[in-house]
Amino acid sequence: MLSVILPSYNEELMIRKASQTVSKILSDASIPFELIFVDDGSKDKTWKMIQEVSGEDKRVKGVHFSRNFGKESAIIAGLAEASGGCCAVIDCDLQHPPEKIVEMYRLWEQGYEVIEGQKSSRGTESITHSFAAKAFYGLISKATGFDMENASDFKLLDRKAVDVLINMHERNAFFRALSSWIGFETATVTFDVRDREAGESKWSTWSLVKYALNNISSFSTAPMQIVTILGIIMFLISVVFGVTSLVQKIKGIAQPGFTTVILILLFSSSIIMISLGIIGFYIARIYEEIKGRPKYIISRTCGDIKDKADDKEIIG
């Protein structure tokens, strides 16, 4: 059976549409399936719509978070609740073409264990957004050693890969990169990002910046190397100015140089503050991890998912 995980946040207008569309495509392809909607603490009627759809179709299940924990947590929660031999992750807004799930499933039947959905185009987005996304994925690709430039959360994973992911203890997991990092037999499927059919994008510029910073820091220590590089640059500048000062002193042509001293102090102070900021950011990430708080808290479920209100598995 195929389990399809649909992370949902304020998607009341898309729940029924997504359920009907994905169900029809998989039914027509004679693929046994279940749909798992994960409500990431939505503030609209998303959970109510999930309950309604679940009541109408027993193949639809729902998980509701106690608050917003983020898309990465919603994906992991959906994978943890899935019972299929393979699991597909797709956006609830259907910008990921659901018919591609059939192609992914056929590749899984051929023996592939991780089928990656790669973007052949990014759809309609601003030039600024496109440039920022390209810069982020270029950086994360160099940091991870994998080509992440056209990566997405649209994937199909074998049960072995799913079990590995849900048993990782990282609180700030970067699903898009981890699914490549774990290895296994991998295939790719290309797709064009579609325009959203209803509702509005939940990603603001600031949320994308935070998403990028969190994922880079959770998966790579590359920014820490910036501190070393800045230190080397500062050392080289100090050597140049030091040699220049000694030569001028020996020749007896030394100048007061008050402006130069001020500029050096400002520059070195900026380097120190930037370095402390980077180190402090990583210390904060370490602090978040060692507290051992759960990735998510489930407050309600619907469908065939067991009600875990009095069960320790309510947290993940």
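We count residues from 1, following the sequence as given.
- Between the side chains of S83 and E34, at least one donor-acceptor pair of N or O atoms lies under 3.5 Å.
- Residues V60 and F37 are in side-chain contact: their nearest non-hydrogen atoms beyond the backbone lie under 4.5 Å apart.
- Between V53 and R16 the shortest heavy-atom distance is CG2-CA, 4.0 Å.
- Closest approach of I50 and C302 over heavy atoms only: CG2-SG, 3.9 Å.
- Using cut-offs of 30° and 60° on the angle between ring planes, the pair F154 and F191 is perpendicular.
- In this structure, A77 and V38 approach most closely via the heavy-atom pair CB-CG1, 4.4 Å.
- Just one of R300, K48, Q51, H64 meets the side-chain hydrogen bond (donor to acceptor under 3.5 Å, both in side chains) condition when paired with D39; it is H64.
- Nearest heavy atom pair, residue C87 against residue A82, reads SG-CB, 3.5 Å.
- Inter-residue side-chain proximity for K71 and D91 is flagged as met; some heavy-atom pair is nearer than 4.5 Å.
- I298 and E81 make their closest contact through CD1-OE2, 3.5 Å (heavy atoms, listed as atom of the first residue, atom of the second, distance).
- Geometric assessment of R67 against the ring of F65 yields a negative cation-pi assignment under the 6.0 Å and 45° thresholds.
- Considering all non-hydrogen atoms of both residues, S23 and L35 come closest at OG-CD1, 3.4 Å.
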